[in-house]
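All values below come from the heavy atoms of this structure, side chains included, with hydrogens, waters and symmetry mates left out.
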Amino acid sequence: MSTRVPLNRLAFDLPLAERMVRAVRAAAFWAAIVLPIGYPFLLSAGLDGTNGLYFVGLLAANAVALAVGHDYDPGSSDAGGVTDRPDVTDRHGRTDPPASNARRGAGDARRRADDADA
């Protein structure tokens, strides 16, 4: 029997992994912003021979950077730049949707009160 852990769930369980995921997403986010600067230069030089390969490589690098960095939020310092936290399952097997920290604390208090009533 194997126990599979999603990568984003692992990132929230291990602080080092969380920092690494944040750093990779941040680098990819900013690379996706900066890479298109090279398009006009390559297009003005023409797409024959090596410049065509450079253009295709730059286009592929930009696509990869967009895919990897799309979850990064530069304005979110409390969440570590990660916008989607995986669902959290409580001890009764219920799954909570992702929520802000303020709402999450209120939800925890409500669940404790519900558990005490049951």
Side-chain angles (χ1 to χ4, degrees):
M1 179 185 301
S2 70
T3 55
R4 294 180 56 144
V5 178
L7 180 61
N8 58 353
R9 177 68 179 222
L10 182 64
F12 285 102
D13 293 339
L14 301 173
L16 177 62
E18 181 179 350
R19 288 192 305 257
M20 290 174 62
V21 167
R22 176 171 164 54
V24 168
R25 283 185 179 161
F29 175 84
W30 291 110
I33 291 173
V34 173
L35 283 175
I37 292 173
Y39 293 153
F41 298 111
L42 288 173
L43 288 173
S44 66
L47 295 180
D48 57 337
T50 338
N51 284 342
L53 291 175
Y54 288 150
F55 182 78
V56 170
L58 186 62
L59 194 63
N62 197 8
V64 169
L66 284 169
V68 172
H70 79 281
D71 278 341
Y72 179 74
D73 182 15
S76 173
S77 61
D78 60 337
V82 181
T83 56
D84 294 329
R85 183 175 174 128
D87 292 344
V88 178
T89 305
D90 65 3
R91 61 188 165 117
H92 298 291
R94 294 181 294 212
T95 305
D96 292 336
S100 69
N101 289 338
R103 291 189 338 202
R104 186 174 291 125
D108 290 342
R110 255 194 325 267
R111 272 193 302 282
R112 282 194 296 273
D114 291 343
D115 291 342
D117 291 339

Using a 4.5 Å side-chain heavy-atom cut-off and chaining through intermediate ILVMFWY residues, the residues clustered with Ile37 come out as Val34, Phe41
For Leu66, the hydrophobic cluster (side chain heavy atoms closer than 4.5 Å, chained through members) also holds none
The remaining residues in the hydrophobic cluster of Val68, counting side-chain heavy-atom contacts under 4.5 Å among Ile, Leu, Val, Met, Phe, Trp and Tyr, are Val24, Val64
Sequence neighbours excluded, the answer for side-chain contact (heavy atoms from CB on, under 4.5 Å) partners of Leu58 is Leu35, Tyr39, Leu42
Side-chain heavy atoms under 4.5 angstrom apart, residues restricted to Ile, Leu, Val, Met, Phe, Trp, Tyr: same cluster for Val56 and Tyr54?
no
For residues 43-53, the side-chain hydrogen bond (donor to acceptor under 3.5 Å, both in side chains) pairs (sequence neighbours left out) are none
Distance col, row Asp73:CG vs Arg22:CZ, nearest 0.5 angstrom, shows 9.0 Å
Residues Phe29 and Gly69: closest non-hydrogen pair is CD1-O, 3.7 Å
Item checked: Flag if over 12 foreign heavy atoms under 6.0 Å of CZ, Phe55 -> yes
Those residues at least two apart in sequence (or on a different chain) that pass side-chain contact (heavy atoms from CB on, under 4.5 Å) with Leu53 are none
